[in-house]
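Okay, structure first, notes after.
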Amino acid sequence: MRRKGVSAPAGSPRPAESVFLRADLGQGSAKSAVLTEGCSRSRRRFRCARRPLRRAAAAIGLALGAASLWAQSEAGVPAGGGLPRLTPDPYAVELGSTSGPLSVGTLIHAALVLSGADAPTIASDTMRLDESIARLSREVAPLGDPYRRGGAVLAYMHAHLLTSYDATQARLDSLLATGRFNCVSSAVLYLILGRAVGLGVEGAYTPDHAFCTVNAGGRLVDVETTNRFGFDPGTKKAFRDAFGETGFTYVPPGDYLRRGATDGRGLLAFILQDRMALLEQQGNFAAAVGLAVDRYALLRTQAAFIDGANEMANYCSALNNQGRYAEALAFVSRAVRSYGSAPVLLRAAGVLAENETATLAKEGAFSEALRVIHEGQDEGWIDDAAAASLRATVAEHKLLAEAKGLPFEEAVAAATRSYRAGELPQSFYRDYLVSLYAARAKAVAGSGDYLRAATLLGEGERLVGDGRLAQGREIYLGDYAATIHNRFAALYNAGNAGAAIPLLKEGLAKLPGNPMLTSDLRAAEQAAGSPR
């Protein structure tokens, strides 16, 4: 088993649940003095949370189940309409619904099926294991002591079946074909062989490791199956020197906070768990969902249900990152109908619905966007506050689309109507007015009518009321005063100061007390010999 591949014991502190990690959803407009027509909400992004799968230890045995096979695709997320399998394999359902200890034959068959082996491989591997069991039984028959027989089983495995450690190799069929193994596949093999020769073998695990225990005369003996010296490992120096090759640390029996016990079914479920983890590494969350569904059918624990929901959420995350929101929402609907709600799925659906709404609004599909919001509320994916915010997003995009190309006055009127109808939030309404008035004033100022530009910004400021247009108004008033001053200077320098006096008085009527124009008027009157 690879690191972070095994569940924590029931009742112990558990890793954080898989969650959708989102970027902040941008506001409907840039918070700046001048807005652009392209202002829009950004798409929420979240990524798949890499986390160890978790499950509570179960104490339910298995009986022989059906012989159906799983043909698990281990390719990437489907590019088309193919959705992950949500119906568990009947064999997993039957194994999970029966009680009692597993027979050796059931252990062999279940381990190969859970590994994903096909029918011919199951038949040939079963025959090979039967032959190994017969040979092993002859070897251990003279050893009446369970302690000695337990050690002999481990020695047999490493002498005849195991060749090299591979952290990714949890499948029993691959172990038998190549000799490569990890803690899961080697522990399952020891479980099969040990029980076949009459030993009381059970599963055990730590947060990142699986192994076995043997009941040897009333004492539970650890079996670290990845190491040829791993029987009763705490007493063997050779074991301590070699165990580091696997990357694990031996956890002694007394360290109950880091150890857990499980039955045969729980140990078999680790095969699915490691396969799921490998699929996650490959980015194939669709196939991992199918295995998670089977694992839940097999274990029937609340923790396995949560792990399955996390896997489904990770699949939705992959679709979200591809912009396939509607497809992901359809999958969530199926999952909730099949298994009920889980918080992580509801959160995922909320993000997807928001992203779908924002995308539709940006594309101008306003009715469709409102439909998604309505359905999201009905399904419980979107709360009232989020729905109000999303409706505002749609209204913002709708206003931008409808007001595009309208005359200035009509665009202002359209925004005001939408705001007064409660469709636009005040923040966007103010931002939009700032954008409209700033753009209009700039155009007017471009024709040289700085006073009209300043007047426009004054009108806008009275509507907006937050001071953002006031600075622009002062700048345009300064430009108007500079225009009057330049005309005065030209007349004055031409010796016609008297002609500038009416001009300056008109300017001061518009800008009472302006220091520059007041000084200019004084100079003009003195030059013309007509002081005030």
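Along the sequence shown, residues carry numbers from 1.
- Looking at Arg275, its side chain does come within 3.5 Å of a backbone N or O of Leu114 through a donor-acceptor pair.
- Nearest heavy atom pair, residue Val113 against residue Ile122, reads CG2-CD1, 3.7 Å.
- In this structure, a donor-acceptor pair under 3.5 Å is present between the side chains of Asp118 and Thr121.
- Side-chain atoms of His158 never come within 3.5 Å of backbone atoms of Phe229 as a donor-acceptor pair (strictly under, hydrogens ignored).
- Nearest approach of Leu199 to Pro146, heavy atoms of both residues: CD2-O, 3.7 Å.
- If you take OG on Ser115 and CG on Asp274, they are separated by 10.5 Å, rounding to the nearest 0.5 Å.
- Phe270 and Tyr205 have their aromatic ring centers within a separation under 6.0 angstrom.
- Side-chain atoms of Glu224 and His209 include a donor-acceptor pair closer than 3.5 Å.
- Within the 3.5 Å criterion, the main-chain N or O of Thr163 finds no donor-acceptor partner in the side chain of Arg180.
- Counting all heavy atoms, side chain and backbone alike, Cys183 lies closest to Ser186 at O-OG, 3.3 Å.
- Judged by distance alone, the side chain of Ser185 and the main-chain N or O of Gln169 form a donor-acceptor pair under 3.5 Å.
- Using a cut-off of 4.0 Å between Lys/Arg side-chain N and Asp/Glu carboxylate O, Asp222 and Arg259 are scored as salt-bridged.
- Rounded to the nearest 0.5 angstrom, Tyr147 OH and Phe231 CZ are separated by 5.5 Å.
- Ala111 and Ile192 make their closest contact through CB-CD1, 4.4 Å (heavy atoms, listed as atom of the first residue, atom of the second, distance).
- The pair Asp232-Arg219 meets the salt-bridge criterion, since a charged nitrogen lies less than 4.0 angstrom from a carboxylate oxygen.
- Salt-bridge formation is detected for the pair Arg371/Glu375: a Lys NZ or Arg NE/NH1/NH2 atom is positioned less than 4.0 Å from an Asp or Glu carboxylate oxygen.
- Between Arg85 and Asp294, at least one side-chain nitrogen of the basic residue sits less than 4.0 Å from a carboxylate oxygen of the acidic one, meeting the salt-bridge criterion.
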